[in-house]
Amino acid sequence: MTTYFNNGVYADKETIKVSIDDRGYYFGDGVYEVIKVYDGKLYTDQEHFTRFLQSAKKIRMDLPYTIDEFTGIAKKLAADNGIVEGHVYIQATRGAAPRMHNFPGEEVEPMITAYAIHNPRPLSKIKEGVAVKTTDDIRWLRCDIKSLNLLGNVLAKQEAYDAGCAEAVFVRDGIVTEGSSSNMFGVKDGILYTHPATNLILNGITRRVILQLCAKHSIGVMEEPFTLEQFKEMDELFLTSTTSEITPIVSIDGKIVGDGAPGRVTERLQQVFEETIHELKME
Ligand SMILES: Cc1ncc(COP(=O)(O)O)c(CN[C@@H]2CONC2=O)c1O
C-alpha cells in the first residue's frame, strides 16, 4: 500500500521509518483528518482540508501545503491504491526533536503521513441502527481542534465497546456534547437538535452537510445545548461522522429510542444524504 511520507515520498507503508522522537508519538502533538472516498472520488475534501489547516493553526503549527496540494496528495493516494470505497487518513505532527514540552526550533519541520484504504460503507448499521452508552465528558476544552490527543475519546469508545455498544455519548455538566468519534443529533416533534459548534465539540463535516440538507429540505433545526434527560426523551436519535455517515441510534444506556427502529426524519436525511453521494459519483 503506497503511503505519503514527508515531501512527496510515496512508499510502501512497511518501509517508512518514523522517529521515536516524533512529537506525535511523545505528546500527540499534531492534527488529523479522515476523508471519505466514494466511487474513487473524494467527498467534501475542500471542507476537510480547510479544517485540517485550521486545526494546525489553532495549535500554532504551519503546514507546508495548500488545500489544493493536500487534495492532490489524497487523490493520488486513492488512485495509486485503487480505492473505490474507503477513506484517506492524513496527519501532521510538529516533527521529531529531543523530548521537551516547548516547541522545537524552526528548523524542525512538521511530519506529514497519509494513506488510503478500502473501507466499505457500514450499511447494516446505517439501516438497522446502533446502541450507545453515555459517559462523562472529561476531555480538555478544545474539542474543536481535530487533534491527535484522543486518549479521552479512546477510553470512552472502549467503555462503550465493553458494554456492547457502538459509540459513547459524552455528557459534560449534564449536557450532551458529542460522541467519541461522531456528532450527536436528536429529533423531537420533527425538529432536529444538535449541540452548537463551540469549543466543546468537533464541528463535524458530516454535521455541516446535515445542517445544509435540513435547510434545503425545510427541516427545522435547533443548534442549542440539551440535557441527557431531554436527549433520552427525543423521538429519534442518530450520530454522524465521515465513516459512519448517518447512523440511527436505537438504544441509549439500554433504553429503547422511540419504537426501537430508525426514525422518519433520520431516514429522510439518509435519503437526501445518499443523493449527495450519487451527485458526486455523477460528476
Ligand atoms: C470527536 C469527533 N466528533 C465528531 C466527528 C465527526 O466529524 P466528521 O463528520 O468531520 O467526520 C469525529 C470524526 N472523527 C473521524 C471520522 O472517522 N474517524 C474519525 O476519527 C470525531 O472524532
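Both ligands and their constituent atoms are indexed starting at 1 by order of listing.
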Distances under 3.5 Å, N/O of ligand 1 against N/O of the protein: list each pair and its distance.
unit_1   : atom_1 : unit_2 : atom_2 : d
ligand 1 : 3 (N)  : E178   : OE1    : 2.8
ligand 1 : 3 (N)  : S182   : O      : 3.4
ligand 1 : 9 (O)  : I205   : N      : 3.3
ligand 1 : 9 (O)  : T206   : N      : 3.0
ligand 1 : 9 (O)  : T206   : OG1    : 2.7
ligand 1 : 10 (O) : R51    : NH1    : 3.0
ligand 1 : 10 (O) : R51    : NH2    : 2.9
ligand 1 : 10 (O) : I205   : N      : 2.8
ligand 1 : 11 (O) : T242   : N      : 2.8
ligand 1 : 11 (O) : T242   : OG1    : 2.7
ligand 1 : 14 (N) : K146   : NZ     : 2.9
ligand 1 : 17 (O) : T243   : OG1    : 3.1
ligand 1 : 20 (O) : Y32    : OH     : 3.1

Start with the C-alpha distance between K146 and Y32, add both sets of side-chain angles, then the distance that settles side-chain hydrogen bond (donor to acceptor under 3.5 Å, both in side chains), and finish with yes or no. CA-CA 6 Å; K146 198 168 177 64; Y32 79 103; 3.2 Å; yes

If you measure from OG1 on T240 to CD on E245, what distance do you get to the nearest 0.5 Å? 10.5 Å

Answer yes if the side chains of Y89 and Q91 hold a donor-acceptor pair under 3.5 Å, and no otherwise. yes

Find out whether the Lys NZ or Arg CZ of K188 is both under 6.0 angstrom from the six-membered ring centre of Y193 and within 45° of the ring's axis. no

State plainly whether the residues E275 and K216 are in salt-bridge range, i.e. N to O under 4.0 Å. no

Are Y115 and T2 linked by a side-chain donor-acceptor pair shorter than 3.5 Å? no

